[in-house]
There are 2 protein chains.
Amino acid sequence: MTDVKSALDPRRFPEAGLRQGIELLYFAYRAFTAEPDAILAHYGFGRAHHRVIYFIGRQDELTVSELLAVLQISKQSLAPILRQLRQAGLVTQLPGRRDRRQRLLRLTEKGQDLERRLSQTQRSRLAAAYGQAGPSAAEGFRQVMLGLMDPADHQRLVDMAPLESPAK
Amino acid sequence: MTDVKSALDPRRFPEAGLRQGIELLYFAYRAFTAEPDAILAHYGFGRAHHRVIYFIGRQDELTVSELLAVLQISKQSLAPILRQLRQAGLVTQLPGRRDRRQRLLRLTEKGQDLERRLSQTQRSRLAAAYGQAGPSAAEGFRQVMLGLMDPADHQRLVDMAPLESPAK
DNA sequence: CATATATGTCAATATGACTGACGTAAAATC
DNA sequence: GATTTTACGTCAGTCATATTGACATATATG
């Protein structure tokens, strides 16, 4: 199952299979972001706003530096996005309780509404794909995606129970 | 395995699992594009150039309209990219043999070199992830990605032999 | 000959990213 | 208590990638 050393042996994963993998990533990601993009366009927002809304909404309170660390963008890039979301009444800030230099970012109710609308399109698409492919394929998907990611980002994923056989 | 109807039943695919799926897509795609992006930066190119190089290189000859159909961008967006690639000596055009209005796009040798360098980083990453997760996980990944894609794009994927059990 | 198609180009616009430089407030440290 | 570091913000300039609209040209097709 985990014969990593021979992974580059073309007999195991021939050229065409790897090429198709590249294309699967491209087409799937495009489809996955299309619906949120369309919703966001109504607000004059883009994908960057979605990511900010998503990660703030995920854990209810988030400092600016945590957000920058997750997104890996510069604060100068984040600033205008956050300003727009604040002005639109989707995000609020409050000073940190322990460290008052920090700005704790939170979604307003309106922000939570939009977050749910955006994520719902992606959750439905995922649930449909999981349902079509089956739980074992879903777990395979998860394993491959984990392998593609930068391992440093593993810690950033939301916790979750395994998709199948929790007590193997 | 394919009980699609109950895919939205939260007992099958709970909130946290779907949320993690969203994050897997985001983090994996980011990691997957990071290395090519870094190589392209040396040339003053971006991800758009990569996509153009990739799809031209994939089938040796491609018309402008086929390229537009795959990428789903406007010809006004494509034009400057193609011009830069032509000027850099990576892409050439020749008039279509049947229809001389068409411009058949081809990679030069230099273009093929760059294409290989860019794709190689992605093929290696995929091969490593497939190797770590195993062939059955790789096939699960493929199935889920196919489910996420717009079905209209299925025809655009390169042909490939199934990853496992070709004669099931 | 008229029309449709394949492609190219000019202009104006927008998002989302970057770097560099500087400022402020608060916390941490010497 | 003074200094340094940290958390955050902002101003300015730049860039890549995308958009739409309008128009031009060559070729193919009816």
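Just so it is clear, the structure is predicted and the values come from calculations on it, not from any experiment. The sequence lines fix the lettering, A, B, ..., with proteins before strands; numbering per chain opens at 1.
One finds no salt bridge joining B/Glu115 and B/Arg123 here, because no Lys/Arg side-chain nitrogen approaches an Asp/Glu carboxylate oxygen to under 4.0 Å. A salt bridge links A/Asp153 with A/Arg156: the closest approach of a Lys/Arg side-chain nitrogen to an acidic carboxylate oxygen falls below 4.0 angstrom.
Closest-nucleotide positions on DNA chain C for A/Leu78 and A/Gly96 were compared, and the one nearer the 5' end corresponds to A/Leu78. Along DNA chain C, the nucleotide nearest A/Asp99 and the nucleotide nearest A/Gln72 are compared for position; the residue whose nucleotide lies closer to the 5' end is A/Gln72.
Among the nucleotides C/dT9, D/dT27, C/dC18, the one closest to any side-chain atom of B/Arg100 is D/dT27. The side chain of A/Ile81 lies closest to C/dA17 when the candidates are D/dA18, C/dT7, C/dA17. Comparing atom distances between the B/Lys75 side chain and each of D/dC8, D/dG9, C/dG8 picks out C/dG8 as nearest. Of the candidates C/dA17, D/dA18, D/dG9, the closest approach to any side-chain atom of A/Arg51 belongs to C/dA17.
Using a 4.0 Å heavy-atom distance criterion, B/Ser65 is classed as a sugar-phosphate-only contact. A/Gln84 comes within 4.0 angstrom of nothing in the nucleic acid, heavy atoms only. Residue contacts shown for A/Glu66 are absent, as no nucleic acid heavy atom lies under 4.0 Å away.
With values rounded to the nearest 0.5 angstrom, A/Arg98 atom CZ is found 9.5 Å from A/Leu104 atom CG.
Distances shown here put a side-chain N or O of A/His49 below 4.0 Å from the OP1 or OP2 atom of C/dG16. The side chain of A/Ser74 places no N or O atom within less than 4.0 Å of a non-bridging phosphate oxygen (OP1 or OP2) of C/dA17.
One can find a donor-acceptor pair under 3.5 Å joining the base of C/dT5 and the side-chain atoms of B/Arg101. A donor-acceptor contact under 3.5 Å is not formed by the side chain of B/Gln76 with the base of C/dG8.
To the nearest angstrom, P of D/dT29 lies 10 Å from CD of B/Gln102. In this structure, B/Arg97 places its CZ atom 14 Å from P of D/dA28, rounding to the nearest Å. For the pair B/Leu68 CG and C/dT5 C1', the interatomic distance rounds to 13 Å; values are reported in whole Å. Taking atom CG on A/Leu105 and atom C1' on D/dG9, their separation rounds to 13 Å, with Å as the unit. We find that CG of B/Leu82 is positioned 15 Å from C1' of D/dA16, with the value rounded to whole Å.
Judged purely by distance below 3.5 Å, without hydrogens or angles, the side chains of B/Gln84 and B/Tyr43 never pair a donor atom with an acceptor atom.
Residues A/Ile53 and A/Leu107 share a closest heavy-atom pair of O-CD1, 3.9 Å.
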